[in-house]
Protein chains: 4
Amino acid sequence: MPEKQVPSTIKDEALVSKRRNQMIKGAVTLFIEKGFHKTTTREIAKASGFSIGTLYEYIRKKEDVLFLVCDSIYQRVKERMEDAIDPHQTSVQSLTHAIRSYFQLMDDMQDEVLVMYQEVKSLSRDAQDYVLQKERDMVAMLEQVIVNSLPGEHPEEEIKLIANNIFVQGQMWGFRRWILQRTFTIESYTDTQIQLLLKGLDKEETLQ
Amino acid sequence: MPEKQVPSTIKDEALVSKRRNQMIKGAVTLFIEKGFHKTTTREIAKASGFSIGTLYEYIRKKEDVLFLVCDSIYQRVKERMEDAIDPHQTSVQSLTHAIRSYFQLMDDMQDEVLVMYQEVKSLSRDAQDYVLQKERDMVAMLEQVIVNSLPGEHPEEEIKLIANNIFVQGQMWGFRRWILQRTFTIESYTDTQIQLLLKGLDKEETLQ
Amino acid sequence: MPEKQVPSTIKDEALVSKRRNQMIKGAVTLFIEKGFHKTTTREIAKASGFSIGTLYEYIRKKEDVLFLVCDSIYQRVKERMEDAIDPHQTSVQSLTHAIRSYFQLMDDMQDEVLVMYQEVKSLSRDAQDYVLQKERDMVAMLEQVIVNSLPGEHPEEEIKLIANNIFVQGQMWGFRRWILQRTFTIESYTDTQIQLLLKGLDKEETLQ
Amino acid sequence: MPEKQVPSTIKDEALVSKRRNQMIKGAVTLFIEKGFHKTTTREIAKASGFSIGTLYEYIRKKEDVLFLVCDSIYQRVKERMEDAIDPHQTSVQSLTHAIRSYFQLMDDMQDEVLVMYQEVKSLSRDAQDYVLQKERDMVAMLEQVIVNSLPGEHPEEEIKLIANNIFVQGQMWGFRRWILQRTFTIESYTDTQIQLLLKGLDKEETLQ
DNA sequence: TATGAATGAGCGTTCATTCAT
DNA sequence: AATGAATGAACGCTCATTCAT
């Protein structure tokens, strides 16, 4: 898919994939450290293990690197979410399990998520739409789990809002870390959020 | 206070205030449009209505403009929050009123808040701390209202988390606008969030 | 004389004199510290005790300040040389006395002389000529003393060269201070130079 | 050695050398004409035959150009002095030969030496020390020749002073050219200085 | 396919100078 | 006579991008 969006002059697709993975790995660290704008293409090339000339054989513009990075982050998030969620399960446990998995994931990928939050606006309109769609897909996955897990009638809007709340609360753990991680561990944070949510849904649950 | 942090070569303090307001007004629009990094100092000067030379009589570095913008946003938010919150009131209504006011405010200042979210990381460490503190102050205000308004015992952690949730949900209205504002108006968004919150707190309330 | 070369918009000549003395005093310190080019007009104004606007009432261009400074340095040097030299005396002592006075003067005004050496080239052609003339006058004074003091025939060229050597050796004490002042004090430096000179002139003298 | 002090982003060392020579050649002319401060980096680039971007591939800061120029001047001076001086010769002729060579050199490199005199102070402390050391080395070479050439006892201080005098008299030919070159040719200047020196040292010598 | 030297538009910033008050 | 806010040309420097090898 990213190959569709970011053309390369190199024909060998396996090589393109390999080089781009090097690039993403190198770039993500730099973007976390100093942000997209303050990272130079030379630094990216160096961190990727090849020359500036080679870098430009695999991308057209610096922005492409950012796109590749964002895309790869969402890819990884999506894969792990799909592993964690079983769409056929209908118990409340399946919801709490999904939340736990997602929050844990957000804890693991704090830095990456923070980068995405701060840098997507540097993408072109098209690329932003592409990334936004991935986000929508993820929220839709959460909506699905909620619908499956909650007995009783719930207006669609409420479902949507809960999904969005969960989604943002996961991210918030990372980008408000300076405030939250003084008071909570990822476990206590997860527990308390689930508790608040389920109280609101008139559910009892034995935590854990 | 910002005068303490951002020195100017101009002596007339009233003039400094006036020019800086011009600057903030001009810069915010540009930052919203194209981000801090892609906005040039010349553009800021032009949008502010004076020359590049004059701009630099009122700041030392480009970053100072960003700081002034962030500071002014928080200033305005804080002022409006203080107007909206009565610390002596103890009813649930005072909480819902605070939330309504805050969400309305976030609706009014969507663009500004978005800018802050995406650009604070471009500030120096010191300036970031300064801004972070303002944020902490605001969350503390929300905590206070929650403590005052909720009968019954609530662990401190729970209070903290609810305050953070409300704070982020307000901002989320702005920075997830492309998703949320398809489904909600600011009113329906506010109502649904309050409903979810109060359900969780085992309170009944006639909305509005 | 400098009033001829550096016009002022102010009529009151006494005031012009006073202000310019303030200026020279302030500027010389700055030039010694950081050089002419790295000193700003604002700094000069501040060090002079008045505003940038006032500064420009007494000069036309920044370069004028440098001229005034150079002129004042030469003025002071010339005055002290004239005090030290008696054109009617004809003994060898009168030569050694002149050298001693001049070297002492160069020791006192090391910094000023260094500044002049490094910055005259920043003056306009005209101003450089004016300063150069002052230098020629000084060398001529030394020539006069030499002619008066030395018995026997000496070709004019030799006199000229000796005068130039003395002149430069005086300055060298200041601008080669890092090397010379490790080995010599101003007194030992003076003694040794005089000794070398007089040996060459087949003269005996009881040093001081 | 200068490669140690002035890093370049270009890897090909031969190319670095070539480009830097272009740079030095271009810059020296400009510095002579208008001084270091009034010469712009774009002018240097143009005079060197490449673009401003390329210039900065071979230096880090404008000051580096000045350092390279100073370094190259001293390098050339040193090389020619080493050719001219035979440390095993012990006759007076070896001293006069050294002086003649050195003065001739100073005549050839008048402009360069003038530039150095006026601009070293614009170098950083470190670079100034480096250049000063080269100067000390040169003076030491002269001291050596003097010690070797002069029979009889001479206090160390006297040797040092003579070496310094010769050193500065060489430079003086260039930086006081407007005065000296009216009266002398380089040959007559050299002869007269040698004559004065040897008289002082109670030596007879057939000039030439 | 890989390299890295070359380019130059464009940036942030400074500061001599002016002029209305 | 004195002030200082305003100006903008010009500076040093960076870095994304290209292209000959």
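Protein chains get the first letters and strands the later ones, always in sequence-line order, with residue 1 at the start of each. Just so it is clear, the values below take in all heavy atoms, side chains as well, and ignore hydrogens, waters and symmetry mates.
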Between atom NZ in C:K18 and atom P in F:dA2, what is the gap in whole Å?
8 Å

Short side-chain N/O contact from A:T54 to OP1 or OP2 of E:dT3, under 4.0 Å:
yes

cation_pi(D:K121, D:F36) dist<6.0 Å, angle<=45:
no

When you match C:G49 and D:I59 each to their closest nucleotide on DNA chain F, which lands nearer the 5' end?
C:G49

Go through the side-chain N and O atoms of D:R125 and D:Q128 and say whether any donor and acceptor fall under 3.5 Å apart.
no

Euclidean distance, atom CD of residue A:E43 to atom C1' of F:dC15 [Å, nearest integer]:
10 Å

As a test of reading the structure: which of F:dA16, E:dA2, E:dA16 is closest to the side chain of A:L15, going by heavy atoms?
E:dA2

Heavy atoms from C-beta onward define the side chain here; which of E:dA9, F:dT7, F:dT3 lies closest to that of B:S51?
F:dT7

Along DNA chain F (nearest heavy atom to each residue), the more 5'-positioned of D:E57 and B:L55
B:L55

Nearest-angstrom distance from the residue atom NE2 of A:H37 to C1' of F:dT14:
14 Å

Where the side chain of C:I52 is concerned, which of E:dA9, F:dA5, E:dG12 is the nearest nucleotide?
F:dA5

Tell me, yes or no, whether the heavy-atom count around B:K34 atom NZ, taken from other residues, nucleotides or ligands under 6.0 Å, exceeds 12.
yes

Option among C:R76, C:K134, C:R20 that satisfies the salt bridge (charged side-chain N to carboxylate O under 4.0 Å, His left out) test with C:D71:
C:K134

From the list E:dA16, F:dT3, F:dA16, which nucleotide is the closest neighbour of the side chain of C:T40?
E:dA16

F:dT7 C1' sits how many Å from B:Y58 OH, rounded?
12 Å

What is the distance, rounded to the nearest whole Å, between atom NZ of D:K11 and atom P of F:dT21?
20 Å

Please report, rounded to the nearest Å, how far the P atom of E:dG12 is from the CD atom of B:E63.
13 Å

Value in whole Å for how far the P atom of F:dC15 lies from CD1 of A:I44
12 Å

Has B:T41 got a side-chain N or O lying under 4.0 Å from the OP1 or OP2 atom of E:dG12?
yes

Applying a 3.5 Å limit to both distances, which nucleotide forms a Watson-Crick or G-U wobble pair with F:dT18?
E:dA5

Look at the side-chain N and O atoms of B:Y56 and state whether any lies under 4.0 Å from the OP1 or OP2 oxygen of E:dT14.
no

Examine the side chains of C:S48 and C:Q22 and answer whether a donor and an acceptor come within less than 3.5 Å of each other.
no

Between E:dG10 atom P and D:R42 atom CZ, what is the distance in whole Å?
12 Å

Quick check on F:dA6: is either OP1 or OP2 less than 4.0 Å from any side-chain nitrogen or oxygen of B:R19?
yes

